[in-house]
Peer 1: 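My questions will all concern the structure given below.
In what follows, chains carry the letters A, B, and so on, assigned in the order in which the sequence lines appear, proteins first and then strands, with residues in each chain numbered from 1.
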2 protein chains.
Amino acid sequence: MSVITVLLVDDHLVVRSGLRALLGTQPDMAVVAEAASGEEALQRLEHDAVAVVVMDLAMGAGMDGIEAIRLIRERNHSQAILVFTTYDSDADIVRAVDAGAMGYLLKDAAPDEIFAAIRGAVQGKSVMSAPVASRLFQQLRNPDEILTPREAELLSLLTQGLSNRELGKRLFISEATVKTHLAHIYAKLGVDTRAAAIATAIRREGMR
Amino acid sequence: MSVITVLLVDDHLVVRSGLRALLGTQPDMAVVAEAASGEEALQRLEHDAVAVVVMDLAMGAGMDGIEAIRLIRERNHSQAILVFTTYDSDADIVRAVDAGAMGYLLKDAAPDEIFAAIRGAVQGKSVMSAPVASRLFQQLRNPDEILTPREAELLSLLTQGLSNRELGKRLFISEATVKTHLAHIYAKLGVDTRAAAIATAIRREGMR
DNA sequence: AGCCGTATCAGCCAAAAGGGTGAGAGACGG
DNA sequence: CCGTCTCTCACCCTTTTGGCTGATACGGCT
């Protein structure tokens, strides 16, 4: 039985220590490197060959986890990437998977779940926490509720508190078009005011 | 030199493990108990005497950290309570301190900072992370920006996306009064639309 | 007693947002 | 080639919101 080598990427030292301690209980796993940021993770991968990268999405300043995943994939590193994060926002899940993540775990996952996900990842299996899976499932089941790229862009600006006029200027479109997009967004989110849309977006999508 | 006994309260197993590992490196500290929820923390305190409680604020379902702090204080437990959490929202800091927390640390704090905070806490010293302290300071410096209880209540409902009419019904006041409160809130937050107020509130106060 | 902060309400007016309909231009896939 | 999606824009009309001014009432502090 070969040992699964792991790179831990998380900006919180305590989380890295905890994960290291946890994985240390498994004879077939070994944490061979740690990184506190996306940049550092890429560096580590240049030197240390690992089988699995376990990565947090939110990482303070600098590049976020999604970006890091994309870059690792681009550079043709062959590691399996597992997302290990606190919040399960719809947008993050989709973006992470689509950036090339093999699995998506929540930080309150049971140890066994984490071990299983890591073992599965090296075998090319995709593993996710139950709540995560159900969210993904729901997205696939209701394609009508998926925002178009333009709508998502607008919604993101909306959550910053911009007015229709400002949105128009920012996106180089007329106020009329802004209103059209907003109407579509409201319909998809199931709300009927911008206030509710902002509330829903921030809470659902983790648009902080 | 006596050993400082610690109770760890965090719903994430990895965080508890990490903290345990971290504190294990210090000869004068010993983690003697762990709890994954506020309820469990109270139970533990009935049986195990500890000098310091290190507690996360966000804890999935059930009682939140603030509530747990309040209850521990009410029951006259004499432990020093240290908040150890990810986000530094203005509201959380104020509420935690006012519920009886001795210190407020962010999860990305350096190990030395954590050790110092724990040692300080048992001596009755109050220690906080630099970003936390600066936020508190700013609140004290600008008393004009502190919302009244009623305004805070309204803002909290506002972030749920309610209209003026709905706010009025919910708070048993007229729409006119709602508008007055809103005008004051906007002035204090430095915005001029409800959308911006919601965005600011959710990002600043952590009103998730 | 007088002052101040807080909470309550009213009326007026201008600006912004929301709802509905219709429509043209590209892109993409069947 | 046609249908569907997406993005774009316009017009009309109603509702909501925001800005302003002013007023009453209660509690606490000096």
Peer 1: Can a donor-acceptor pair under 3.5 Å be found between the side-chain atoms of A:T148 and the base atoms of D:dC5?
Peer 2: no
Peer 1: Rounded off to whole Å, could you give me the NZ-to-C1' distance for the B:K179 and D:dT16 pair?
Peer 2: 8 Å
Peer 1: I need the CZ-C1' distance between A:R194 and C:dA15, as an integer number of Å.
Peer 2: 13 Å
Peer 1: Specify the residue among B:R150 and B:T193 whose closest nucleotide of DNA chain C lies further upstream toward the 5′ end.
Peer 2: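 Upstream on the strand: B:R150.
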Peer 1: Taking CD from B:E151 and P from C:dT6, how many angstroms apart are they, rounded to a whole number?
Peer 2: 7 Å
Peer 1: Could you state the NE2-C1' distance from B:H181 to C:dT8, rounded to the nearest angstrom?
Peer 2: 7 Å
Peer 1: Determine whether A:T180 and A:T177 satisfy the following criterion, side-chain hydrogen bond (donor to acceptor under 3.5 Å, both in side chains), listing intermediate values before the conclusion.
Peer 2: CA-CA 5 Å; A:T180 304; A:T177 306; 5.6 Å; no
Peer 1: Would you confirm whether A:R194, through its side chain, and B:R194, through its main-chain N or O, come within 3.5 Å as a donor-acceptor pair?
Peer 2: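 No: the side chain of A:R194 does not pair with the backbone of B:R194.
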Peer 1: How many whole angstroms separate atom CD1 of B:I198 from atom P of D:dT16?
Peer 2: 16 Å
Peer 1: When you measure from the side chain of A:T159 to the backbone N and O of A:I198, does any donor-acceptor pair fall under 3.5 Å?
Peer 2: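 No, because the side chain of A:T159 does not come within donor-acceptor range (under 3.5 Å) of the backbone of A:I198.
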Peer 1: Between the main-chain N or O of A:L147 and the side-chain N or O of A:E151, is there a donor-acceptor pair closer than 3.5 Å?
Peer 2: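 Between the backbone of A:L147 and the side chain of A:E151 there is no qualifying donor-acceptor contact (under 3.5 Å).
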Peer 1: Do any side-chain atoms of residues 118-125 of chain A form donor-acceptor pairs under 3.5 angstrom with protein atoms, and if so which ones, sequence neighbours left out?
Peer 2:
unit_1, atom_1, unit_2, atom_2, d
A:R119, NE, A:D28, OD2, 2.6
A:R119, NH2, A:D28, OD1, 3.2
A:Q123, OE1, A:K125, NZ, 3.4

Peer 1: Which whole-number value in Å describes the distance from A:E166 CD to C:dA15 P?
Peer 2: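 So the CD-P distance, A:E166 to C:dA15, works out to 16 Å.
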Peer 1: Given axes from five pairs at either end, by how many degrees does the helix from C:dA1-D:dT30 to C:dG30-D:dC1 bend, rounded to 10°?
Peer 2: 40°
Peer 1: Could you give the CG-to-P distance, from B:L162 to D:dT16, as a whole number of Å?
Peer 2: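 In whole Å, D:dT16 P and B:L162 CG are 13 Å from each other.
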Peer 1: Donor-acceptor check, side chain of B:R44 to backbone of B:E34, threshold 3.5 angstrom: yes or no?
Peer 2: yes
Peer 1: Please confirm whether any donor atom in the side chain of A:T180 sits under 3.5 Å from an acceptor in the base of D:dC7, or the reverse.
Peer 2: no
Peer 1: Any side-chain to backbone donor/acceptor pair from A:S126 onto A:M102? Under 3.5 Å, distance only.
Peer 2: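 Checking the backbone N and O of A:M102 against the side chain of A:S126, a donor-acceptor pair under 3.5 Å is found.
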Peer 1: If you take any heavy atom closer than 4.0 Å to DNA chain C, which residues from residues 168-177 of chain B end up in contact?
Peer 2: B:I173, B:S174, B:A176, B:T177
Peer 1: How many Å lie between CG on B:L182 and P on C:dA7, as a whole number?
Peer 2: 13 Å
Peer 1: Give a yes/no on whether any side-chain N or O of B:N164 is located under 4.0 angstrom from OP1 or OP2 of D:dT17.
Peer 2: yes
Peer 1: If only atom types and distance count, is the side chain of A:K107 paired as donor or acceptor with the main-chain N or O of A:F84 below 3.5 Å?
Peer 2: no
Peer 1: Taking B:R16 for the side chain and B:D10 for the main chain, is one N or O donor matched with an acceptor at less than 3.5 Å?
Peer 2: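 Yes, B:R16 side chain to B:D10 backbone: donor-acceptor pair under 3.5 Å.
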